[in-house]
S.K.: 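Structure in structure tokens, see below.
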Amino acid sequence: MSRAIALIDGNSFYCSCERVFDPKLAGVPVIVLSNNDGCAVARTAEAKALGIKMGEPWFKIRDLCKREGVRAFSSNYTLYGDMSARANAVYRDFSPAVEIYSIDESFLDLSDVREDRRVELARDLRATVRAWTGIPTCVGIGPTKTLAKLANHIAKTIPDLGGVCDLSDEDERAAWLCRIHVGEVWGIGRASLAKLEAMGVDSIADLRDLDPRPVRKAMTVVGERIIYELRGVCCLPLELMPAQRKGCAVTRSFSSRIEDRATMEQAVSAHATRMGEKLRRGGLGTTHVSVFYHTSEHDRGDPMRSVSTTVTLPEATNDTLALIKAAREGVSRTWREAPGDRPWRYSKAGVITTDLKLLEESQRALIGQLDRERSAPLMAAMDECNRRFGRGAVVPARAGLEKKRTWSTKFEMRSPRYTTQVSELPTAHAIP
DNA sequence: TCTGGGGTCCTAGGACCC
DNA sequence: TCTGGGGTCCTAGGACCC
């Protein structure tokens, strides 16, 4: 039996999640905006047809949206994450091996399914996901991940295929590869595309037939792997156990510019608080916290400043109090008053770690040990309060967070968290 | 005159992804 | 007024060691 991998993904996933809970959105152009209502990150077919591009800034398309009746939503990650989990539960009914690749994409191992039964199974899968979660999907099947990705792309672009494309058959596959531009291949970005075009590559078939050695020179082993994957040689195995996370970043643009130190300290403290929650969820700790903040490149004419510093902790920790202390230290180390009469107007700040390790396995410090025995129960109690009463219900006083945060991220058009907050459940009206 | 060689680890930067 | 956030992998080059 030949190896077969399927890639299933949600169509305009965030938009589809919104549609599940609001039937009035069917057939209507819908977009979902990034954090801060910055730019469009998901668009339905109707919205794409209006010319709205991926990543287009909201302020540039707002008028168009109003004119054309486009429904715009702020990101509702709580909702999308929950819908994603539901979809994956369905996938697991159809395949013994599922790799969750992103919030809206999963790879399924279909090697045990007979070749002539795969398309049928994929159709059944789509219908079941649609019925059980409300999410429309597309499925691509191929002998490698790269080819499954490509098949998925074909399934999405050719409506006649009914949402499923199987590239298992070698001749059929070869025909498709001649017809599709190399820029569509998973892993070929702007830089690689320019290099390949310079080598005279146009179609995916051209890339597949290239000598891998010079490609490795130009595009590293990544490019070489893509060639083999296109030939049907598997170089990217299914990752069934999610790898332990290596880094963690909490960064946000402010909804308005920040000019004073106290506010900046609040902002990085809020980010550090969030980082603590993320680390504790994985039982991870860090010994280094990098803090950065900078002005905006869009504020032309304003004085520019960008700083970043790394604060070292005595030993690995995920204690919010310790992380806040480090974050504030990062600001106090780098804060300067502007030399002239124009202050720096900061647009974004963040905290980043890149050295995560399992806290239990991490080495204790000889000097300056943190009090883990006290920290763990305190953090657990805080997390439980915030879980029960909503994020931010309990925060350390040390964060210095004020109720009124003029800089906080904007979510002015967010839908309810229909599936995870009892108070936000959708209402059904029964007609007597 | 002649200035080893090989290994590891870390970091910064590039590229790509969703 | 208004332009997102969070990841991964790879390589080159320096520091350091024996």
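Chain letters run A, B, ... following the sequence lines, proteins first, then strands; residues in each count from 1.
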S.K.: If you compare every side-chain N and O of A:Lys149 against the phosphate oxygens of B:dC18 (OP1, OP2), does one of them come in below 4.0 Å?
M.R.: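 It does, given that an N or O in the side chain of A:Lys149 lies less than 4.0 Å from OP1 or OP2 of B:dC18.
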S.K.: Can you find a side chain N or O atom of A:Arg62 that sits less than 4.0 Å from OP1 or OP2 on C:dC2?
M.R.: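 For C:dC2, neither OP1 nor OP2 has a side-chain N or O of A:Arg62 closer than 4.0 Å.
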S.K.: Measure from the side chain of A:Val250, starting at C-beta and using heavy atoms only, and say which of C:dG7, C:dC2, C:dG6 lies closest.
M.R.: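 Per side-chain heavy atoms of A:Val250, the pick is C:dG6.
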S.K.: Indicate whether OP1 or OP2 belonging to C:dT3 is found under 4.0 Å from a side-chain N or O atom of A:Ser296.
M.R.: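 No.
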S.K.: Apply side-chain contact (heavy atoms from CB on, under 4.5 Å) to A:Phe94 and A:Thr128, showing your working.
M.R.: CA-CA 10 Å; A:Phe94 282 78; A:Thr128 310; 3.4 Å; yes
S.K.: Report the nucleotide, chosen from B:dC18, C:dG7, C:dC2, that has the shortest atom-to-atom distance to any side-chain atom of A:Arg257.
M.R.: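 So the nucleotide nearest the side chain must be C:dC2.
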S.K.: With a 3.5 Å cut-off and no angle check, do the side chains of A:Ser95 and A:Asp109 form a donor-acceptor pair?
M.R.: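 Per modelled atom types, A:Ser95 and A:Asp109 side chains form no pair under 3.5 Å.
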S.K.: On DNA chain C, nearest-nucleotide positions of A:Ala249 versus A:Val221: which is more 5'?
M.R.: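 Its nucleotide being nearer the 5' end, the pick is A:Ala249.
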S.K.: Would you kindly compare A:Met54 and A:Thr220 by the position of their nearest DNA chain C nucleotide and give the one closer to the 5′ end?
M.R.: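 The answer here is A:Met54.
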S.K.: Between the opening five pairs and the closing five pairs of the helix from B:dG5-C:dC18 to B:dC18-C:dG5, how far apart are the helix axes, to 10°?
M.R.: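 Axis angle across the helix from B:dG5-C:dC18 to B:dC18-C:dG5, nearest 10°: 0°.
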S.K.: Just checking, is any N or O donor in the side chain of A:Asp355 or A:Thr286 under 3.5 Å from an acceptor N or O on the other one?
M.R.: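 Indeed, the side chains of A:Asp355 and A:Thr286 share at least one donor-acceptor pair under 3.5 Å.
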S.K.: Taking only the side-chain nitrogens and oxygens of A:Lys278, find out if one of them lies under 4.0 Å from OP1 or OP2 of C:dG7.
M.R.: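 Result: yes.
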S.K.: Please tell me whether A:Thr309 and A:Arg333 have a donor and an acceptor in their side chains that are separated by less than 3.5 angstrom.
M.R.: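 Looking only at side-chain atoms, A:Arg333 and A:Thr309 do form a donor-acceptor pair, the distance falling under 3.5 Å.
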S.K.: Just by distance, no angles: are the side chains of A:Asn88 and A:Ser106 close enough, under 3.5 Å, to form a donor-acceptor pair?
M.R.: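 Checked: A:Asn88/A:Ser106 side chains pair up, N/O donor to acceptor below 3.5 Å.
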S.K.: Against A:Tyr346, only a single residue in A:Trp335, A:Phe254, A:Phe292 fulfils ring pair (Phe, Tyr, Trp, His ring centres under 6.0 Å); can you say which?
M.R.: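 Checked A:Trp335, A:Phe254, A:Phe292 against A:Tyr346; only one passes ring pair (Phe, Tyr, Trp, His ring centres under 6.0 Å): A:Trp335.
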S.K.: Would you indicate, yes or no, if C:dC10 has its OP1 or OP2 atom less than 4.0 angstrom from a side-chain nitrogen or oxygen of A:Arg225?
M.R.: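 Indeed, a polar side-chain atom of A:Arg225 lies that close.
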S.K.: Go through the side-chain N and O atoms of A:Ser290 and A:Thr310 and say whether any donor and acceptor fall under 3.5 Å apart.
M.R.: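 Side chains of A:Ser290 and A:Thr310: pair found under 3.5 Å.
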S.K.: My understanding is that only one of A:Lys156, A:Lys145, A:Lys149 makes a salt bridge (Lys or Arg N to Asp or Glu O under 4.0 Å) with A:Glu105; could you say which?
M.R.: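 When salt bridge (Lys or Arg N to Asp or Glu O under 4.0 Å) is applied between A:Glu105 and each of A:Lys156, A:Lys145, A:Lys149, only A:Lys149 qualifies.
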S.K.: Looking at residues 184-205 of chain A, who's got a heavy atom less than 4.0 Å off DNA chain B?
M.R.: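 Residues of residues 184-205 of chain A under 4.0 Å from DNA chain B: A:Val185, A:Trp186, A:Gly187, A:Ile188, A:Gly189, A:Arg190, A:Ala191, A:Ser192.
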S.K.: Taking the inter-plane angle between the rings of A:Trp186 and A:Phe107 on a 0 to 90° scale, is it parallel (under 30°), tilted (30 to 60°) or perpendicular (over 60°)?
M.R.: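 Rings of A:Trp186 and A:Phe107: tilted, 30 to 60°.
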S.K.: Go through the steps for A:Ser415 and A:Asn76 under the test side-chain hydrogen bond (donor to acceptor under 3.5 Å, both in side chains), then give the verdict.
M.R.: CA-CA 7 Å; A:Ser415 52; A:Asn76 187 344; 3.1 Å; yes
S.K.: When you measure from the side-chain N and O atoms of A:Arg252 to the phosphate of C:dG6, is any distance below 4.0 Å, counting only OP1 and OP2?
M.R.: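 True: A:Arg252 side-chain N/O within range (under 4.0 Å) of C:dG6 OP1/OP2.
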S.K.: Do the side-chain N or O atoms of A:Lys348 get closer than 4.0 angstrom to the phosphate oxygens (OP1, OP2) of C:dG5?
M.R.: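 A:Lys348 to C:dG5 OP1/OP2: side-chain N or O found under 4.0 Å.
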S.K.: Just to be sure I understand the rule, does A:Asp37 reach a base, reach only the sugar-phosphate, or reach nothing, if contact means heavy atoms closer than 4.0 Å?
M.R.: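 No contact at all - A:Asp37 keeps every heavy atom at 4.0 Å or more from the nucleic acid.
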S.K.: Please tell me if A:Ser253 has a side-chain N or O lying less than 4.0 Å from either OP1 or OP2 of C:dG5.
M.R.: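 Affirmative; the distance criterion is met.
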S.K.: Between C:dC16 and B:dG4, how far is it from one C1' atom to the other, in whole Å?
M.R.: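 Per the computed distance, 16 Å lies between those C1' atoms.
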S.K.: When all nucleic acid strands are considered with a 4.0 Å heavy-atom cut-off, which category describes A:Gly247: base, sugar-phosphate, or nothing?
M.R.: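 Here A:Gly247 touches the backbone only, sparing every base.
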